[in-house]
Number of protein chains: 2
Amino acid sequence: MLEDHKRTGAYYNACMQNRAAFSGKVVLDVGTGSGILAIFAAKAGAKKVYAVEATDMAKSAKRLVAAQGLEGTIEVIQGVIETVEIPEKVDIIISEWMGYFLLRESMLDSVLVARDKFLKPGGALYPSHARMFLAPIRSNQCRQRHHDFQNSMEGWAEFCEDMKQYYGVTLECLSEDYRKEQMDYFSYTAAWTDVHPSQVVGSAACFKSYDLATVTLEELKAPLKATFNMTVLEDGPVDAFCGWFDTQFKGSPQNPVTTEVTLTTAPDPTGATHWGQQSFFLHPPVECAEGDVLACEIEVVRRKDNQRLMDVMVKHRIEGKAAPGKERVSCFHIE
Amino acid sequence: MLEDHKRTGAYYNACMQNRAAFSGKVVLDVGTGSGILAIFAAKAGAKKVYAVEATDMAKSAKRLVAAQGLEGTIEVIQGVIETVEIPEKVDIIISEWMGYFLLRESMLDSVLVARDKFLKPGGALYPSHARMFLAPIRSNQCRQRHHDFQNSMEGWAEFCEDMKQYYGVTLECLSEDYRKEQMDYFSYTAAWTDVHPSQVVGSAACFKSYDLATVTLEELKAPLKATFNMTVLEDGPVDAFCGWFDTQFKGSPQNPVTTEVTLTTAPDPTGATHWGQQSFFLHPPVECAEGDVLACEIEVVRRKDNQRLMDVMVKHRIEGKAAPGKERVSCFHIE
Ligand SMILES: Nc1ncnc2c1ncn2[C@@H]1O[C@H](CSCC[C@H](N)C(=O)O)[C@@H](O)[C@H]1O
Ligand SMILES: Nc1ncnc2c1ncn2[C@@H]1O[C@H](CSCC[C@H](N)C(=O)O)[C@@H](O)[C@H]1O
């Protein structure tokens with residue numbers, strides 16, 4: 001992920017363009033990995049950086065820190081942030097915790113725990129804000145996925161034939177299960193996509209924003225619910241909703257940045273970050289006309305069987321020149 | 001794996017061509033999965049089949065059994081074979097337990113536990129025997145993998161350049177680790193291959209055979225050590241050792257089959273089974289002349305950190321017309 005320069009570069013800029021905010025400060029890097037963000041913070045003038053990493057990556061981080069000659073400033077601590085001891089409160093917490101569709105992996109939970117335990121009153125989080133977006137798109141992948149689904153079902157039918165013919169065993173009793181499983185995979189599982197802006201055929205809605213200084217763990221763990229509108233800007237089918245996020249580096253009111261930096265994962269003609277966008281496909285597509293409004297309700301829920309994954313429900317209805325359309329409900333997984 | 005017809009067909013033949021051995025017998029299927037082997041055993045005339053499966057596949061197996069009208073004969077039991085109760089001893093244990101290079105996954109352990117707990121004296125195992133082979137090959141993949149390794153190292157060098165130039169961070173202290181990791185992956189990790197018989201440039205050695213009726217768990221868990229020779233049949237480089245296995249269905253001395261069936265995973269012009277062959281690449285290749293003998297020693301050891309994976313060490317030395325070559329030791333992982 002270091003080689004995702006939109007990502008790494010945003011953190012670099014957030015530090016190096018805000019030396020005044022870092023100068024002489026105590027910083028905590030939650031999940032330091034290779035140590036890179038701790039190094040940026042030290043280069044930006046931090047007096048002391050605690051770099052906490054759960055995995056053996058901590059060993060590489062130590063060596064990398066030493067190779068930069070920063071072992072006097074950065075203390076790498078191998079441990080889980082929830083249980084680790086830090087000898088003092090910190091002015092700044094920096095962390096790269098974002099997952100697909102912002103919240104997959106749920107690592108923000110750990111950053112909030114660190115915030116509540118270690119951040120001084122008025123201290124700053126880097127990033128300080130996060131936002132989630134959805135937009136209607138016309139995707140190349142949608143038709144392909146439907147085709148792949150059909151191929152898979154044809155493969156199954158042939159397989160059933162073979163099993164009958166070769167071994168006299170009938171598999172048809174499992175066909176419905178197989179169909180559901182494949183539908184789930186091809187239609188109801190959100191896909192990593194690198195969407196080109198020209199595929200975005202409507203206005204993007206910011207359906208959720210977080211002030212990371214104040215959001216609580218409880219809010220984060222509860223279902224995320226929002227209602228919003230997206231305006232269609234082109235006649236034709238909408239065959240997917242495309243979701244992405246951005247994070248903003250504003251510092252805190254008491255220690256604001258001088259230069260605000262934004263890390264966005266929006267559709268970009270120069271290509272996606274490693275997060276891409278998450279696309280939610282619509283079978284069949286929704287036929288829209290320019291000016292139609294897609295009235296939407298979204299619900300994002302953590303999966304019970306695996307807190308790091310999520311279910312996403314989108315209710316949507318066209319409000320256009322014609323009579324309002326029927327409400328459609330689509331349910332997706334983020335795997 | 002059902003669709004691997006060399007595999008499934010061998011079990012089908014082992015049952016259906018040996019109805020006399022199955023007729024009226026009590027059978028245990030260890031790890032029944034979809035239930036297919038239990039169904040074969042019932043079709044071959046078994047009076048009763050216990051079909052044990054640890055996972056939820058047991059539910060599909062139940063439905064499949066019912067769909068064949070065999071619920072009167074086959075009892076599907078969801079559970080781990082090590083702890084499950086079976087109300088009687090059995091005449092035959094059938095199981096498809098083989099992993100890559102025969103032993104990966106270590107599922108044979110569970111079959112031996114079942115044998116010692118549930119098989120009547122004189123009862124038969126299907127398969128009853130297993131053998132492991134190694135042969136010298138000339139592989140297309142070997143050069144490609146070396147090339148991929150070099151590409152990966154070039155990518156790393158560029159990445160270091162970028163990190164230096166963009167962020168002033170030097171990564172060179174991690175280069176040696178990275179090189180080792182990549183070497184490990186590209187050179188020392190055995191690869192799934194579908195070797196064509198024309199690539200086999202020497203005689204195959206059977207370096208290990210198991211009589212499954214008598215092999216003990218202790219023997220299975222101890223390192224496998226063997227010495228053997230392979231004769232090179234073509235001038236030129238040998239750039240990999242290719243490993244495979246077969247299993248034989250002979251029944252037991254007290255209840256022998258009428259028709260012996262062999263399931264082989266040897267190089268095959270019509271394509272590999274899903275097991276393929278495991279190839280162990282040699283950098284640099286060993287230059288050989290027709291008639292040279294490769295004197296080998298092999299050691300296969302379970303990994304301490306994961307009993308299901310294995311380390312493989314091969315010592316080899318050319319004994320040819322010229323003075324005997326130097327001994328080379330190559331160590332590989334099976335992941
Ligand atoms: N609760 C926790 N405590 C400590 N480390 C954690 C953690 N949860 C996740 N991590 C670590 O956080 C890292 C997130 S990936 C980001 C790595 C690095 N900061 C960079 O920007 O390149 C991973 O290395 C992961 O092992
Ligand atoms: N100790 C154990 N107890 C019960 N089932 C086991 C087991 N170890 C492995 N298995 C099951 O054994 C199966 C092996 S794969 C073979 C499946 C089936 N017999 C066929 O030939 O198609 C898997 O379904 C696995 O879940």
Side-chain angles (χ1 to χ4, degrees), chain A residues 1-16 33-44 56-57 59-71 74 155-178 180-181, chain B residues 1-16 33-44 56-57 59-71 74 152 155-156 158-178 180-181:
Chain A
M1 277 182 294
L2 284 181
E3 57 271 40
D4 177 350
H5 291 298
K6 282 172 189 159
R7 181 200 84 108
T8 307
Y11 278 88
Y12 181 77
N13 290 336
C15 295
M16 299 307 279
S34 63
I36 190 76
L37 305 186
I39 291 169
F40 291 168
K43 281 178 179 278
D56 274 350
M57 281 287 281
K59 298 187 170 58
S60 301
K62 257 176 214 165
R63 293 168 53 197
L64 205 61
V65 163
Q68 321 307 312
L70 291 171
E71 63 274 49
I74 301 174
W156 171 260
E158 266 173 49
F159 175 55
C160 288
E161 271 300 306
D162 285 354
M163 292 298 288
K164 175 91 210 145
Q165 193 187 322
Y166 295 173
Y167 314 122
V169 174
T170 59
L171 289 188
E172 278 71 13
C173 65
L174 303 178
S175 294
E176 189 46 30
D177 278 5
Y178 185 82
K180 276 195 194 133
E181 208 175 80
Chain B
M1 278 184 293
L2 284 181
E3 56 273 38
D4 177 350
H5 292 299
K6 283 173 189 157
R7 180 201 84 107
T8 307
Y11 278 89
Y12 181 76
N13 291 336
C15 295
M16 299 307 276
S34 63
I36 191 76
L37 305 186
I39 290 169
F40 292 167
K43 281 177 179 278
D56 274 351
M57 279 289 281
K59 298 188 171 59
S60 301
K62 258 178 213 163
R63 291 168 56 197
L64 205 60
V65 163
Q68 320 307 310
L70 292 171
E71 63 274 48
I74 301 174
S152 162
W156 171 260
E158 266 174 50
F159 174 55
C160 288
E161 272 300 305
D162 284 355
M163 292 298 287
K164 176 90 210 146
Q165 193 186 321
Y166 295 174
Y167 314 121
V169 174
T170 59
L171 290 187
E172 279 71 13
C173 66
L174 302 178
S175 294
E176 190 46 32
D177 279 5
Y178 185 81
K180 276 197 193 131
E181 207 177 79

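Every chain is numbered from 1 and lettered A, B, ... according to where its sequence line falls, protein lines coming before strand lines. When reading the values below, keep in mind they use all heavy atoms of this one structure, side chains included, and skip hydrogens, waters and symmetry mates. Computed from a prediction, not measured in an experiment: that's the story for all the values here.
When heavy atoms are compared at a cutoff of 4.5 Å, A/Thr8 approaches chain B by way of both its backbone and its side chain. Using a 4.5 Å cut-off between heavy atoms, A/Phe159 touches chain B through its side chain atoms alone.
Of the listed residues (B/Gln68, B/Met16, B/Glu3), the one with the most heavy-atom contacts under 4.5 Å to chain A is B/Gln68. Most heavy-atom pairs under 4.5 Å with chain B: of the set A/Ile39, A/Asp162, A/Leu171, A/Leu2, this distinction falls to A/Leu2.
Heavy-atom contacts from other residues, nucleotides or ligands closer than 6.0 Å to CD of A/Glu158 number 12 or fewer. For CD of A/Glu161, the number of neighbouring non-hydrogen atoms (other residues, nucleotides, ligands) closer than 6.0 Å is 12 at most.
The side-chain heavy atoms of B/Met163 and A/His5, taken from C-beta on, include a pair separated by under 4.5 Å.
Between B/Tyr167 and A/Phe40, the gap from one ring centroid to the other is short of 6.0 Å.
The two residues A/Thr170 and B/Leu64 come nearest to each other via the heavy atoms O-CD1, 3.5 Å.
Between the side chain of B/Lys43 and the main chain of A/Gly168, a donor-acceptor pair closer than 3.5 Å is present. Remark: side-chain polar atoms of A/Arg63 are not paired, donor with acceptor, to backbone N or O of B/Leu174 under 3.5 angstrom.
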